[in-house]
J.: 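This is the structure, below, for whatever I ask next.
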Amino acid sequence: QVQLVESGGGLVQTGGSLRLSCAASGRNFSDYAMGWFRQAPGKEREFVVAISWSGGSAYYADSMKGRFTISKDKDKNTMYLQMNSLKPEDTAVYYCAADQYGDPDYEWRYWGQGTQVTVSL
């Protein structure tokens, strides 16, 4: 059974930083893409960033470039999202996801339960 478990969300002030984690288990993800999405209140879910689990460069949504950084630790089967210079508009539930194709425009196969990030003024 595939499980993606996010952690690291919380309340932070504008300009602060958070690091989200996603612990993956239940299958071999070597041929999968792993990524982060977010959904703000009253808005549709949006793509943040994705990376190939086996290697390669990450691809970011244009609006996320420069402040967010994705990384992974294969030994721990964990993916991370480092978020810096946070703004109130970054407030959202952040979801970890995994998919064989990793196309940001299509529904991904596996999802975590989400972790809340709230950025205060």
Side-chain angles (χ1 to χ4, degrees):
Q1 180 182 358
V2 172
Q3 279 196 313
L4 302 175
V5 180
E6 303 98 333
S7 61
L11 175 65
V12 63
Q13 290 185 329
T14 295
S17 297
L18 280 175
R19 188 177 80 154
L20 306 182
S21 299
C22 172
S25 62
R27 67 155 288 134
N28 184 337
F29 290 97
S30 61
D31 58 343
Y32 269 54
M34 306 290 292
W36 291 95
F37 292 75
R38 70 183 187 182
Q39 187 166 19
K43 295 186 177 181
E44 292 187 354
R45 187 174 61 203
E46 66 174 335
F47 170 75
V48 176
V49 60
I51 192 168
S52 168
W53 191 251
S54 61
S57 60
Y59 51 99
Y60 294 82
D62 288 342
S63 60
M64 312 297 174
K65 292 178 181 178
R67 297 188 300 121
F68 292 4
T69 304
I70 192 172
S71 62
K72 60 184 185 288
D73 185 332
K74 291 183 182 180
D75 292 336
K76 295 182 179 179
N77 250 22
T78 301
M79 177 178 65
Y80 304 97
L81 181 65
Q82 177 68 42
M83 305 186 295
N84 299 326
S85 302
L86 284 163
K87 307 173 183 179
E89 51 264 42
D90 294 317
T91 294
V93 178
Y94 284 72
Y95 296 92
C96 170
D99 186 78
Q100 188 173 6
Y101 301 104
D103 189 330
D105 294 328
Y106 290 88
E107 183 70 14
W108 286 36
R109 183 171 181 180
Y110 300 112
W111 292 88
Q113 82 288 351
T115 186
Q116 176 71 47
V117 171
T118 303
V119 184
S120 64
L121 291 171

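In what follows, every heavy atom counts, from backbone to side chain, and hydrogens, waters and symmetry copies are set aside.
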J.: Of the non-hydrogen atoms in Ser30 and Ser54, which two are nearest, and what is the gap between them?
T.: O-CB, 3.1 Å
J.: With no hydrogens and no angle check, is any side-chain donor or acceptor of Asp99 less than 3.5 Å from a backbone partner on Ala33?
T.: no
J.: When rounded to the nearest 0.5 angstrom, what is the spacing between CZ in Phe68 and OH in Tyr60?
T.: 10.0 Å
J.: So, taking the atom named CZ in Arg19 and the one named OG in Ser7, what distance separates them when rounded to the nearest 0.5 Å?
T.: 9.0 Å
J.: To the nearest 0.5 Å, what is the distance between CZ (Arg67) and CG (Asp90)?
T.: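 Here the interatomic distance stands at 4.0 Å.
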J.: Between Val117 and Val119, does a side-chain contact (heavy atoms from CB on, under 4.5 Å) hold up when you go through it step by step?
T.: CA-CA 7 Å; Val117 171; Val119 184; 4.2 Å; yes
J.: Give me the one residue out of Met83, Glu6, Gln39 that meets side-chain contact (heavy atoms from CB on, under 4.5 Å) with Tyr94.
T.: Met83
J.: Should Gln82 and Ser17 be marked as a side-chain contact (heavy atoms from CB on, under 4.5 Å) after you check the CA-CA gap, both sets of side-chain angles, and the distance that decides it?
T.: CA-CA 7 Å; Gln82 177 68 42; Ser17 297; 3.9 Å; yes
J.: Verify side-chain contact (heavy atoms from CB on, under 4.5 Å) between Tyr110 and Met34, making sure each step is shown before the conclusion.
T.: CA-CA 9 Å; Tyr110 300 112; Met34 306 290 292; over 6 Å; no
J.: Would Tyr59 and Phe47 count as a close aromatic pair, with their ring centres under 6.0 Å?
T.: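 Yes: the rings meet the under 6.0 Å criterion.
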J.: Is there a donor-acceptor contact under 3.5 Å from the side chain of Lys72 to the main chain of Asn77?
T.: no
J.: Which residue, Ser21, Cys22, Cys96, forms the side-chain contact (heavy atoms from CB on, under 4.5 Å) with Tyr80?
T.: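 The single option meeting the side-chain contact (heavy atoms from CB on, under 4.5 Å) with Tyr80 is Ser21.
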J.: If I take atom CD from residue Gln116 and atom CG from residue Leu11, how far apart are they, to the nearest 0.5 angstrom?
T.: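 One finds 9.5 Å between CD of Gln116 and CG of Leu11.
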J.: Are the ring centres of Trp108 and Phe37 closer than 6.0 Å?
T.: yes
J.: Under a 3.5 Å distance rule, please check whether Thr14 uses its side chain to pair with a backbone N or O of Ser120 as donor and acceptor.
T.: yes
J.: Kindly write out the residues that satisfy ring pair (Phe, Tyr, Trp, His ring centres under 6.0 Å) with Tyr32, not counting sequence neighbours, or none if the list is empty.
T.: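 Here the qualifying residues are Phe29.
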J.: Take Arg38 and Glu44, measure what salt bridge (charged side-chain N to carboxylate O under 4.0 Å, His left out) needs, and give me the verdict at the end.
T.: CA-CA 9 Å; Arg38 70 183 187 182; Glu44 292 187 354; over 6 Å; no
J.: Which is it for Met79 and Trp53 under the side-chain contact (heavy atoms from CB on, under 4.5 Å) test, yes or no, and what are the steps along the way?
T.: CA-CA 9 Å; Met79 177 178 65; Trp53 191 251; 4.3 Å; yes
J.: Find out whether Val49 and Leu81 are in side-chain contact, i.e. whether some heavy atom of one side chain is under 4.5 Å from a heavy atom of the other.
T.: yes
J.: If the threshold is 4.0 Å, N to carboxylate O, is there a salt bridge linking Lys43 and Glu89?
T.: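 No.
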J.: Passes side chain to side chain donor-acceptor pair (under 3.5 Å), Thr78 versus Asp73? Steps please.
T.: CA-CA 5 Å; Thr78 301; Asp73 185 332; over 6 Å; no
J.: For Thr118, does its backbone N or O pair with a side-chain atom of Thr91 as donor and acceptor, under 3.5 Å?
T.: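 The answer is no, because no donor-acceptor pair under 3.5 Å joins these two groups.
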J.: Report yes or no: do Val2 and Ile51 belong to one cluster of Ile/Leu/Val/Met/Phe/Trp/Tyr joined by side chain heavy-atom distances under 4.5 Å?
T.: yes
J.: Can you find a pair of side-chain heavy atoms, one from Val48 and one from Met64, that are under 4.5 Å apart?
T.: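 Side chain of Val48 against side chain of Met64, heavy atoms only: contact under 4.5 Å found.
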J.: Supply the atom-to-atom distance Ser52 OG to Asp31 CG, rounded to the nearest 0.5 angstrom.
T.: 9.0 Å
J.: Nearest heavy-atom pair of Ala24 and Leu4: which atoms, and what distance?
T.: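 Smallest heavy-atom distance, with atoms named: CB-CD2, 3.6 Å.
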